[in-house]
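Every chain is numbered from 1, with letters handed out A, B, ... down the list of sequences. Every heavy atom of this structure was used, including side-chain atoms; hydrogens, water molecules and symmetry mates were not.
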There are 2 protein chains.
Amino acid sequence: MKISELATKSQINAKTIRYYEQVGLLSAPQRASNGYRHYQPGDVDTLIFIRRCRELNIPLDDIKRLVEVQADPNASCAVVDKIIAEQLAQVQRAQRELALLEQSLQTLASCSAEQVEKCSILHKLKAREEAEK
Amino acid sequence: MKISELATKSQINAKTIRYYEQVGLLSAPQRASNGYRHYQPGDVDTLIFIRRCRELNIPLDDIKRLVEVQADPNASCAVVDKIIAEQLAQVQRAQRELALLEQSLQTLASCSAEQVEKCSILHKLKAREEAEK
DNA sequence: TATTGACCTTCCAGTCGCTGTAACCTTTAG
DNA sequence: CTAAAGGTTACAGCGACTGGAAGGTCAATA
């Protein structure tokens with residue numbers, strides 16, 4: 001199949017598919033005599049797998065390792081485990097950071113003053129400076 | 001003061017300070033005869049304000065507007081209000097997304113198999129594909 | 001005085017994961 | 001015959017820095 005069919009079936013932009021090939025995440029497919037990329041049915045599964053991983057925010061480099069590890073049936077599962085565990089840890093870190101961020105933004109509340117001189121938000125942002133000194 | 005002193009006092013990397021000047025967030029300072037940047041004490045406050053905003057994840061373009069609005073005492077406070085509200089909304093959106101992400105990653109659990117053929121994580125990642133079809 | 005090392009300058013490239021654009025070629029339909 | 005749709009490559013841009021190269025300047029020490 002051609003790239004646009006693969007794009008439709010995998011739900012990944014054709015441009016993105018070429019990009020994945022470029023960065024070595026996807027192996028280069030056969031080419032037709034006109035230079036068009038020609039994909040196999042199995043490529044759909046690979047790309048769907050990749051998309052699933054991306055939806056879990058797993059970095060391309062890690063996905064690459066997950067794909068490689070699947071090609072080698074004797075490879076240890078520890079690699080997979082580590083990647084997922086790290087990803088989970090990172091998501092949890094990000095969650096904690098966002099929670100703090102939300103709190104900080106909440107304390108700024110909203111301001112209904114008409115002139116910035118009286119703007120409570122700006123005053124609080126500046127007060128943070130003072131508090132820090 | 002020279003850039004490294006400003007960097008120390010504001011807790012912002014000298015390289016980042018030059019970058020802020022380049023993108024127009026910080027106005028270009030005077031230059032000494034040797035070409036070195038020469039900053040005023042007030043620049044420390046400006047940079048601390050910028051850093052505080054960055055810690056709240058506010059984009060540079062928005063911070064630029066916050067800085068500009070402060071220079072104009074007649075400007076409306078609505079701009080400030082809008083920027084903070086949008087930032088808060090975005091943080092809350094990100095939080096909801098991360099919560100879903102965490103759930104998905106949790107369902108993959110950890111795998112203690114030795115061979116990828118039996119790897120429960122990979123099987124679950126693939127099962128997601130099947131479920132979708 | 002020579003030199004070392006710290007600090008300053010500019011400019012260019014890389015990060016991450018795409019996405020937009022330009023310029024061109026091929027295929028298909030009307 | 002022509003136009004639209006789809007394929008190709010290569011390069012640039014996003015955001016917010018960061019690293020490195022190549023060079024100029026300055027203060028302190030041997």
### Task
Just call it for Arg18(B): base, sugar-phosphate, or nothing, with non-hydrogen atoms closer than 4.0 Å on any strand.
base
### Query
Under 4.0 angstrom, heavy atoms only, what part of the nucleic acid is Arg54(B) near: base, sugar-phosphate, or nothing?
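Sugar-phosphate contact only.
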Measure the distance from [atom1] on [X] to [atom2] on [N] and round it to the nearest whole Å.
{"X": "Tyr19(B)", "N": "dC11(C)", "atom1": "OH", "atom2": "C1'", "value": "16 Å"}
{"X": "Gln87(B)", "N": "dG15(D)", "atom1": "CD", "atom2": "C1'", "value": "13 Å"}
{"X": "Leu60(B)", "N": "dG13(D)", "atom1": "CG", "atom2": "C1'", "value": "16 Å"}
{"X": "Ile12(A)", "N": "dT19(C)", "atom1": "CD1", "atom2": "P", "value": "10 Å"}
{"X": "His38(B)", "N": "dC26(D)", "atom1": "NE2", "atom2": "P", "value": "14 Å"}
{"X": "Gln22(A)", "N": "dT8(D)", "atom1": "CD", "atom2": "C1'", "value": "13 Å"}
{"X": "Leu26(A)", "N": "dG17(C)", "atom1": "CG", "atom2": "P", "value": "15 Å"}
{"X": "Asp61(B)", "N": "dC17(D)", "atom1": "CG", "atom2": "C1'", "value": "14 Å"}

### Task
Report yes if some heavy atom in the side chain of Lys124(A) is under 4.5 Å from a heavy atom in the side chain of Thr107(A); otherwise report no.
no
### Query
So do the side chains of Leu25(B) and Tyr19(B) get within less than 4.5 Å of each other, counting heavy atoms only?
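Not in contact.
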OP1, OP2 of [N] versus side-chain N and O of [X]: anything below 4.0 Å?
{"X": "Ser4(A)", "N": "dG7(D)", "answer": "yes"}
{"X": "Asn34(B)", "N": "dC26(D)", "answer": "yes"}
{"X": "Arg37(B)", "N": "dC8(C)", "answer": "no"}
{"X": "Asn13(A)", "N": "dT19(C)", "answer": "yes"}
{"X": "Tyr20(B)", "N": "dC17(D)", "answer": "yes"}
{"X": "Thr16(B)", "N": "dT18(D)", "answer": "yes"}

### Query
Nearest of dT19(C), dT10(C), dT9(D) to any side-chain atom of Arg31(B)?
dT10(C)
With distance as the sole test, does [X] use its side chain to make a donor-acceptor pair with the main-chain N or O of [Y] at under 3.5 Å?
{"X": "Gln87(B)", "Y": "Asn57(B)", "value": "yes"}
{"X": "Arg51(B)", "Y": "Ser10(B)", "value": "yes"}
{"X": "Lys9(B)", "Y": "Asp43(B)", "value": "no"}

### Task
Would you mind telling me which residue lines up with the more 5' stretch of DNA chain C, Lys15(A) or Ser33(A), judged by nearest nucleotide?
Lys15(A)
### Query
Of Lys2(B) and Tyr39(A), whose closest DNA chain D nucleotide lies nearer the 5' terminus?
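The answer here is Tyr39(A).
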### Message
Return whichever of Asn57(B) or Tyr36(B) has its heavy-atom-nearest nucleotide of DNA chain D closer to the 5' end.
### Response
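Mapping each residue to its closest nucleotide by heavy atoms, the 5'-most match is Asn57(B).
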